[in-house]
Amino acid sequence: MKIAVFQHEPAEPLGYLEQVFSGHNVPFEYIRLCDTGEVPRTDATHLVFMGGPMSVNDEREFPYLKQEKELIRKSAKNRQKVLGICLGAQLIASAFGAPVYHYVTETGWHELAKVPESTGILAGFPEKFHVFQLHGDTFAIPYSGKLLCTGRQVRNQGFSTGNCLGLQFHLEMTAEIIRDWSRPLKKHDREKIARDTPRYLAGSNRLCRMVAEDFVGR
């Protein structure tokens, strides 16, 4: 087993996911698209696509986005496990023909709800749970996909299609990443995040561990 992690932005690493993978001695490598600008050949068995500031529609400016979508489709045919977070989830949706477009900006901690028909690892999530958000785009659910969880402002928050799992939200958050991401925000948002983080981070970490261990079959 080997995990390839496609990183679009230096400030968006695996975070808590890295702790879980390392704890289970699962090897992983970063493919730093933010540095190389191209998707290399990889012998990885599992693929993780992280977040980033660009849109999945910016293929002209970032040609590697098209390469990532092709890789996601190829991996799905080969029944490889694929996990997409934020931009990564949007890449999965776009790879399977669903539109991705600018919508409501969500920042900080938000409550989501599991849909009654949730399958896979999200079937074990609480009925309602809080997660960290930082995005302005949303996606439609691909024709082949299943909606897994929803939000009040942005409905489509998590979905699966085949062996691919797309999460619009950030389960990988750590206190350090939250501090880094909060610095450029407005004072009101920074203060709210600082109040909310002690209430919700531990629960987010537990859900992240569930997803990560299911991803690697542990």
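These figures come from a predicted structure and were not determined experimentally.
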Would the number of heavy atoms belonging to other residues, nucleotides or ligands and lying under 6.0 Å from CZ of F28 be above 12? yes
Is atom CZ of R206 surrounded by more than 12 heavy atoms (other residues, nucleotides or ligands) closer than 6.0 Å? no
Look at the rings of F129 and F125 and say which category their plane angle falls in: under 30° parallel, 30 to 60° tilted, over 60° perpendicular. perpendicular
Taking the inter-plane angle between the rings of W109 and Y200 on a 0 to 90° scale, is it parallel (under 30°), tilted (30 to 60°) or perpendicular (over 60°)? tilted
With the side chain counted from C-beta on, respond yes when [X] and [Y] share a heavy-atom pair under 4.5 Å apart, and no when they do not.
{"X": "V216", "Y": "I3", "value": "yes"}
{"X": "L134", "Y": "C86", "value": "no"}
{"X": "S94", "Y": "I72", "value": "no"}

For a side chain to side chain contact (heavy atoms under 4.5 Å, CB included) with M173, tell me which candidate from L17, I178, N205 qualifies. I178
Decide yes or no on side-chain contact (heavy atoms from CB on, under 4.5 Å) for M54 and E61, but give the supporting numbers first. CA-CA 9 Å; M54 66 286 292; E61 185 177 357; over 6 Å; no
Step through it carefully: locate the ring centre of F139, locate the ring centre of F159, and say whether they are under 6.0 Å apart. yes
side-chain contact (heavy atoms from CB on, under 4.5 Å) between F132 and E172, worked out: CA-CA 9 Å; F132 198 91; E172 78 279 13; over 6 Å; no
What's the shortest heavy-atom distance between L14 and Y30, and which atoms? N-OH, 2.9 Å
Considering all heavy atoms of both residues, which atom of L207 and which atom of P126 are nearest to each other, and what is their separation? CD2-CD, 3.8 Å
Between E29 and K2, is the closest basic N to carboxylate O distance under 4.0 Å? yes
Please identify which of these residues, H110, Q153, Q157, meets the side-chain hydrogen bond (donor to acceptor under 3.5 Å, both in side chains) condition with Q133. Q157
